[in-house]
Amino acid sequence: MSDIPKSHPRYVSLVTRENLVKAAFDGIVSFEGLTSHGRGEAFDYLFGEKTSASALAAEKLAARVLLASKHAVISVNGNTAALAAEEIAELQKASGAEVEVNLFHRTQARIDKVSAVLEKAGCILNKGEVKRCVDLPHDRGLCCPDGIGSADTVLVPLEDGDRCEALIKMGKNVITVDLNPIDRTSKTATLPIVDEVRRALPNISAECRRLKGTEVAFPEIDNKAILKGAIRDIEVFLNNALD
């Protein structure tokens, strides 16, 4: 790790990048996942690197969806584990959702390493036998039949368009966290959250805690309205960027 001064204006971003590179060399993040992170960070610039009004509203809806679901599962890949393991553990505690590791570049060694990161942060994982429960021709179709396979709601942090489509076709509610409001992931999801994962998950957890103990009904969700709100937030930021 290089010695990045905390006074650097991009300190958090640079430290995050170094942590992800280390996680890639440690076998937790795939090297292809570094490209995915860079793409997301570029979109985050367009929101001023803060949670927009539309994202916060979607995060509050996500809490209602998780609490109203009979069997909610948080699906975690390598990037999400490396970025937000503690936030995932906190959301699991607040919402009661299961946590399951699901990887595109899947090996048992990577599954074990990602699982270890999550368990160290306090997550309780479904580590049962996997089958091809989702109709996909790659390893993201492999999941626990009593986990993602039988869930009524799946929270999918970070980009995952084809699996989002497949889960929707299975009749599941899909909550996504993806900084690109115009990609297939966001447009396909039941509830798209256009925000950075380390900001989004704590906001969902906070709303879950606020609602805990109350009767929570499954909310009405308008995917297009949420994404149009995100695009308006980008427009507002860009119009004011040079002020």
Side-chain angles (χ1 to χ4, degrees), residues 51-77 80 84-102 118 122-126 128 133-134 143-161 163-179 181 184-230:
T51 297
S52 68
S54 61
L56 183 59
E59 287 151 10
K60 290 182 177 181
L61 283 176
R64 291 183 174 273
V65 172
L66 291 174
L67 294 177
S69 298
K70 294 180 179 178
H71 182 194
V73 177
I74 305 167
S75 176
V76 183
N77 65 5
T80 311
E86 292 182 0
E87 289 86 347
I88 294 164
E90 187 60 33
L91 180 56
Q92 180 177 39
K93 186 187 302 182
S95 68
E98 291 183 12
V99 177
E100 182 177 332
V101 176
N102 182 272
L118 293 168
C123 293
I124 300 171
L125 304 181
N126 186 337
C133 300
V134 182
C143 55
C144 297
D146 63 343
I148 292 172
S150 59
D152 57 347
T153 295
V154 183
L155 170 59
V156 183
L158 308 188
E159 210 169 77
D160 193 13
R163 191 163 66 112
C164 182
E165 286 183 327
L167 291 170
I168 290 289
K169 287 179 181 178
M170 293 173 69
K172 300 181 187 296
N173 306 303
V174 181
I175 305 167
T176 57
V177 181
D178 187 340
L179 277 158
R184 184 173 38 155
T185 304
S186 295
K187 291 192 289 187
T188 303
T190 310
L191 173 54
I193 297 171
V194 186
D195 200 1
E196 202 274 338
V197 66
R198 289 170 297 178
R199 297 193 301 263
L201 298 185
N203 287 339
I204 302 171
S205 296
E207 185 68 1
C208 284
R209 289 191 295 270
R210 190 184 74 81
L211 294 170
K212 211 67 177 282
T214 65
E215 187 173 340
V216 179
F218 198 96
E220 292 187 8
I221 301 168
D222 187 334
N223 172 295
K224 286 187 178 180
I226 293 169
L227 295 181
K228 286 179 180 179

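Of all the heavy atoms in Ala230 and Pro181, the pair that sits closest is CB-CB, 4.1 Å. Here the closest heavy-atom approach between residue Ala84 and residue Leu201 is recorded as CB-CD1, 4.2 Å. Between Ser95 and Cys208, the shortest heavy-atom distance links the atoms CB-SG, 3.9 Å. Looking at every heavy atom in both residues, Thr176 comes nearest to Ala189 through OG1-CB, 3.3 Å. Summarising the geometry of Gly128 relative to Cys144, their closest heavy-atom pair is O-SG, 3.6 Å, with the distance given to 0.1 Å. Closest approach of Phe218 and Ser69 over heavy atoms only: CE1-OG, 4.5 Å.
Atom NZ of residue Lys93 and atom CG of residue Leu91 lie 11.5 Å apart, to the nearest 0.5 angstrom. How far CD1 of Ile175 is from CG of Leu155: 5.5 Å, rounded to the nearest 0.5 Å. To the nearest 0.5 Å, the span separating CD1 on Ile74 from SG on Cys123 amounts to 7.5 Å. Between Ile88 atom CD1 and Leu125 atom CG the span is 9.5 Å, to the nearest 0.5 Å. In this structure, the separation between CG on Leu56 and CG on Leu61 is 10.0 Å, given to the nearest 0.5 Å. We find the OG-CG distance between Ser186 and Asp178 to be 4.0 Å, quoted to the nearest 0.5 Å.
For Glu98, there are no salt bridge (Lys or Arg N to Asp or Glu O under 4.0 Å) partners, not counting sequence neighbours. Residues meeting the salt bridge (Lys or Arg N to Asp or Glu O under 4.0 Å) test with Arg64, sequence neighbours left out: none. With sequence neighbours left out, Ala55 forms a side chain to side chain contact (heavy atoms under 4.5 Å, CB included) with Thr51, Ser52, Glu59, Asp195. Every residue two or more places apart in sequence or in another chain that forms a salt bridge (Lys or Arg N to Asp or Glu O under 4.0 Å) with Glu196 is listed here: Arg198. Partners of Arg184 under the side chain to side chain contact (heavy atoms under 4.5 Å, CB included) rule, at least two apart in sequence or in another chain, are Asp162, Glu165, Thr188.
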Exercise. Any chance you could lay out the side chain to side chain contact (heavy atoms under 4.5 Å, CB included) test for Ile148 and Arg163, step after step, and finish with the verdict?
Key: CA-CA 11 Å; Ile148 292 172; Arg163 191 163 66 112; 3.9 Å; yes
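For the pair Ile221 and Ile226, the minimum side-chain heavy-atom distance is below 4.5 Å. Looking at heavy atoms from C-beta onward, Glu87 lies out of side-chain contact with Val197 at the 4.5 angstrom threshold. By the 4.5 Å heavy-atom criterion applied to side chains, Pro192 and Leu227 are counted as neighbours. Taking 4.5 Å as the limit, every side-chain heavy atom of Val156 sits out of range of all side-chain heavy atoms of Cys164. With contacts defined as side-chain heavy-atom distances shorter than 4.5 Å, the pair Ile193/Ile204 qualifies.
Between the side chain of Lys172 and the backbone N or O of Ala151 there is at least one donor-acceptor pair closer than 3.5 Å. A distance-only check finds no donor-acceptor pair linking the side chain of Asn126 to the backbone of Glu100 [under 3.5 Å].
Sequence neighbours left out, the pairs with a member in residues 209-221 that pass salt bridge (Lys or Arg N to Asp or Glu O under 4.0 Å) are Glu90-Arg209, Glu207-Arg210.
The side-chain contact (heavy atoms from CB on, under 4.5 Å) with Leu67 is formed by just one residue from the set Thr214, Thr153, Leu211; it is Leu211.
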